[in-house]
Amino acid sequence: MNKKERFQAVREKRAPDFMPVWPRVQSQMLFSYGYKLPEVTGQDWYDSDKVTAAVLKSIKEIDYDVAIPSYVDYGFGVPPLGGTIWIPDKFGVAAGTSDDQPVKTKADWPRVKKMMATYDVKKKDPRMAGCLEVMKNISAAVGDEMPLVPMYYVGTTAAMFLFRPNEAFLEDLFEDPDWVKDMVEVATDWAIDWISAQYEAGANSICFAAETMGTLMMSPKMNEEFNLPCIKKMVDEVRKRHGQATWLHIHGNMRPPKAYEYLTKLVKEAGVEGFHFDENCPADWIKTEVVDKLGVSACIITDGAAIAKGPAEKIDEAVKNDMAKIGDGLGLMMAPSCQVLPATSNEHFKAWVDATHKYGKYPLNQ
Amino acid sequence: MAEFPELTQAVIDGNAKKVLEIVNEELKKNATPQSLLTNYMIPGMLHVGKLMQEGEYFIPEVLRSAKAMRGALELLEPLLGQGADRQSEGYVVIGTVDGDIHDIGKNLVAMLLKGAGFQVNDLGVSVKKEVCIEALKAREGKVILGLSALITPTLEEMPIVIEALKEAGLRDRIKVMVGGAPVTQEFADEIGADGTAEDAAGAVDLAKRLMQS
């Protein structure tokens, strides 16, 4: 099987030749190839050549099975709206938003909303334009054999990153829910256009939507009120415009009854095809309660500490243990989540990918 | 469902306006600031922490209660300083580590600590180790240092600060608690911290234990 066929098998709950692997967080990928963020991006620029080189090198050397074909961060779209993004000069931290967000008070919202109505996602922000350039380059280089996944945030996460300082936004949820719904709707429409631009630049597989507030920062009830309709809209639009399904990256423990009920609605009502969880959801639970019961695909999350520390033999053992917990393993792939230390060497990462391919041979556990 | 006094319930509900109203009324009736804090407001915040641990409250709800508490504390703190009845559970220096600007979790912990009767010196975000050391040197006796990080890459700053405490000769009297989404007990043990907690309410319990240890 090639990488596209392998991922397709996971999506259809068929046996691949071996378990495919999701890529590393992109800022860490850049860091692991020696780039600090200020060397590849600023408030209004983005070095497509350097990012292209790092992404291609990463794909070639680490041998992931799915790629997010550029470096995408929380700050996209923000500077042209009047905000300032934070670009850390060390470690492998992604650029993010600061308190200098475009909507400091509700009085700023009409101006920003008006700007959003005419926002050309391909041109307005030079960083996003640069990102699309990288996607074109990666598509030309490996798009024939590799699933290339467009990525951005959705719902409250998108609205918070685009418009409001974090804590103020969380207060808005109670103090002005109608305004939040307005911001969330505008942000999601913008996000859908941005995802579309990535497809036009060469993305060729599922849409990867991220809702990082999840059940860590919001109750399932709030998620149903604010996020479920947005996620459904993104799923529907991506299917309509590009014929692709959507996977959701969501943070938090989805095991309690109310959280699981929300998860079920994400599948049954919003039409999410697959999930990329975080460490709060163990592999055996994902297999039985998500893949088998809800009938969707999902990523299992590896032990980040084992990958960071190594050595290769221990990484090998950790992956072997993971595989023993997931029965027939159908509908699953391996993922590093967000919580992998950037100091994790490429050698350890490669050892983890190789171990997944070695112990993840199908039929599994027979 | 438990019934609480009106002020306590207003804190639990995050009703800032009502909390302030009741506090003002009670002060006019000669209630002491310490009694309002200890008997009504702190139990409210502790119950908020319990609801968070039980999965009933999430960060927005806790922030709302913390904001209500903060409004009343602004009114009460100057009065507490003047009063003879001021009690303190301990002194905490807290901050988000260098390289990390996320502060919601740190702010929550700081608010809950204040609500629980601790004096808190909040150093803010992306705090350099030198700033931590300076703040700790300025206070004698046992002090708790709370270090927060949301993003995994900045976890690496935590052992650097602990090492700096040793170099400055402060480690014996400083209790270090570390926290944030990526922090585990294993990590806390590995870097030589004195503890971690699963959530903001747990951080208050931990701070109390550390002051008694």
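Quick note on labels: first sequence line is chain A, next is B, and so on, each numbered from 1. Predicted, not measured: the structure shown is a model, and the values here were computed from it.
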Asks: What part of B:Asp199 gets within 4.5 angstrom of chain A, counting heavy atoms only: side chain, backbone, both, or neither?
Replies: neither
Asks: Counting heavy-atom pairs under 4.5 Å to chain B, which of A:Glu171, A:Lys258, A:Met222 comes out on top?
Replies: A:Glu171
Asks: Which bit of A:Met213 is near chain B, if near means a heavy-atom gap under 4.5 Å: side chain, backbone, both or neither?
Replies: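 The answer is neither part of A:Met213.
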Asks: So that I can tick it off, tell me whether B:Lys18 and B:Asp13 are bridged by a salt bridge, with the cut-off set at under 4.0 angstrom between side-chain N and carboxylate O.
Replies: no
Asks: Below 6.0 angstrom between ring centroids: does that apply to A:Tyr35 and A:Tyr33?
Replies: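 So the answer is no for these two rings.
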Asks: Sort A:Lys221 into side chain, backbone, both or neither according to what part of it lies under 4.5 angstrom from a heavy atom of chain B.
Replies: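 For A:Lys221, there is no contact with chain B at all, as no heavy atom is under 4.5 Å.
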Asks: Stepwise, does the side-chain contact (heavy atoms from CB on, under 4.5 Å) test hold for B:Lys67 with A:Glu175?
Replies: CA-CA 12 Å; B:Lys67 193 180 175 187; A:Glu175 291 176 3; 3.2 Å; yes
Asks: Should we count CZ of A:Phe169 as having more than 12 external heavy atoms under 6.0 Å?
Replies: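 Yes.
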Asks: So, are A:Glu289 and A:Arg255 salt-bridged, with charged N and O less than 4.0 Å apart?
Replies: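 Salt bridge: no.
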Asks: Using non-hydrogen atoms only, which part of B:Glu186 is less than 4.5 Å away from chain A: side chain, backbone, both, or neither?
Replies: side chain
